[in-house]
Every structure is written in structure tokens, then in C-alpha cells.
Amino acid sequence: MGLEFRPLQGEFGAEVIGAPRDLRVGDETLHQIEAAWFRRGILVFRDLDMTPADQIAFSRRLGPLHIMVPSEFNHPEHPEVWVVGNAERDGKPLGLRGAGMGFHTDGEDKRVPNAGSFLYARMVPPEGGDTLFADMVAAYAALPDDVKRKIAGRRGRFSRAEMHRINYPDMRPYTPEELAARPDVYHPLVRRHERSGRVSLYIGRWACDIEGLPQDEGSALVRYLQEFAQLERFVYRHRWRDGDAVLWDNRCTQHCATPFDETRYTRLMHRTTLEGSEPIMA
Ligand code: SIN
């Protein structure tokens, strides 16, 4: 089957036209999807009708799947599916509320971050609850030359311990055991995609400062890079419809959930997450 990939915003993102609603595709079609995903960073599918098993089967063909930890919001029968949103059953939350607010890439706070994620909208509010995606290839290319020189060959420090209270002010603090399980990690700020070779800025909300730079200077530069990457010209806003799914590449994009009126509306999303590999310095 020939698919069409309709550009979303310049070189960034594409809407996939012509895929079957359950995404049970042959190898040739899968290859087309994967190639477009590497080229464009995010792919939007519309009007899908997938069971959790369909979503898992499709995602697994792109790479091994990651099981989210803690497992509290993993689908009870399909632990590969992580549930996000404010939906409840019998007074109990089905998913994690308020997940993903603030630009980030999945797993950036781990030594081996996640390669990609695939988010499927089962129920979305009529307004709000959009997801923003930033093109980190374009952001890197547009950085001023002196900043490029400053970050060349350098690694950022990504700290769950330090950023938890800032990123999740309403959540309980981590226990000493939890903190010990999530040590700081260092990643190249300029990353080469191991499959496409594309070079991007690698930064997100768990980054604090920069190895080898005085802390003040490093944290100011991290803030600058974060703000730069979020400039409107690099960002695509996805306004969800029921049945949409977005496949994003964590190696060269960032994303950010946005709020909605939780007293009036329900948002229920299923995410599968791909294992990754250690980022390569460009
Ligand atoms: C996420 O960060 O994976 C969740 C994004 C969203 O729910 O919009």
C-alpha cells in the first residue's frame, strides 16, 4: 500500500494518509513509516481504531518496548501501555494525571533514554489538552555560532533528584531509596541520531547544568537552550481528536502536554514507549 506523508510544519512532522485503522501493516508499509518518522521527527495518524494489543504490536515492530516504572499506571492487562489522563473507573484513576507538563524527551533523566513514544487518544476534551512538539534539529541548526561552539563536545547533567521538586511541586518528595535508584546522568547536548545521522540539540526539563562549566554559567546556558528550543517557530501544536495517534522520536524532538478543564472534560491516552540506546555525541 502506498502511503502519503503530508507535511505538518515545514520540514517538521507529517500526517500519514492511507494507513489501516488498526495499523496492521506489511513490511514495506512499515518501512515507509519508519523512514518518514526518522526524516520528520513526528508522525500523526488520524481516525485510528486500535485495541491495546494492536498498538503494542505496531510499536514493537519499531523496536523493543519499555515498561514504565513505577507500574501504577500501566494498563492492567497490557503493561506495555502506560495510561495518561484524568479518566477514572469506580472512583479510581486509570492513568497519571498531569503527565508530561513542561518540555522534555522521554527518559532523558536515565542513562539510556527512550528512543520513541506512540501516544493514542482514546478520549480527548473538545478544548485544551493539546500536545506541543519541538523540532530539535531545527533548533540546533538555528543556534547562534558562539553558542554552538560553547556546547560542542559538552554534556548536560540531567538530575531527577534536583529537578523533581521543581517539575512536580505537588508530588511527595522522593524517599532516599527512590533517589538512590535515580542517579544524575550526563548526555551530549548535541546529539547524533543513530539511525538517521541527523544532528539535534538534546535538552529537556531534567537538565540542570553543564559538565565542565561553573554551575551558574552552566545552568544559565541550560535555561537559554531550553527557552530557545521552545520558540514558536520550532513548535508544532497537536490539537487532538479521538482516534489520533502521534509517533514521536525522542532523539530529535521534545514535547509538552498542556492543561485542560479537568472539572468538565475527560482525557484518556494510551502510550507505548520504545527502548533506546545511549545518546551519541555529534
Ligand atoms: C507525555 O509526555 O508522554 C504525555 C503527553 C500528553 O499527554 O500530551
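Whatever order the structure lists them in is the order used to number ligands and atoms, beginning at 1. In this chain, numbering begins with 1 at the start of the sequence shown.
- The aromatic rings of W248 and F133 are tilted relative to each other, their planes meeting at an angle between 30° and 60°.
- A salt bridge links E211 with R155: the closest approach of a Lys/Arg side-chain nitrogen to an acidic carboxylate oxygen falls below 4.0 angstrom.
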Table please: side-chain donor-acceptor pairs of residues 134-152 below 3.5 Å, with sequence neighbours left out.
| unit_1 | atom_1 | unit_2 | atom_2 | d |
| --- | --- | --- | --- | --- |
| D135 | OD1 | V137 | N | 3.0 |
| D135 | OD1 | A138 | N | 3.1 |
| K148 | NZ | A141 | O | 3.1 |

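- Figure legend: cation-pi geometry between R198 and W37 absent, as NZ or CZ is not positioned both under 6.0 Å from the six-membered ring centre and within 45° of its axis.
- The aromatic rings of H75 and H270 lie perpendicular to each other, with more than 60° between the two planes, well past the 30° mark.
- Between R251 and E194 there is a salt bridge, since a side-chain N of the basic residue sits under 4.0 Å from a carboxylate O of the acidic one.
- Using a heavy-atom distance under 4.0 Å as the criterion, the protein contacts of ligand 1 are V84, G100, H104, L119, T131, W248, H255, A257, R267, R271.
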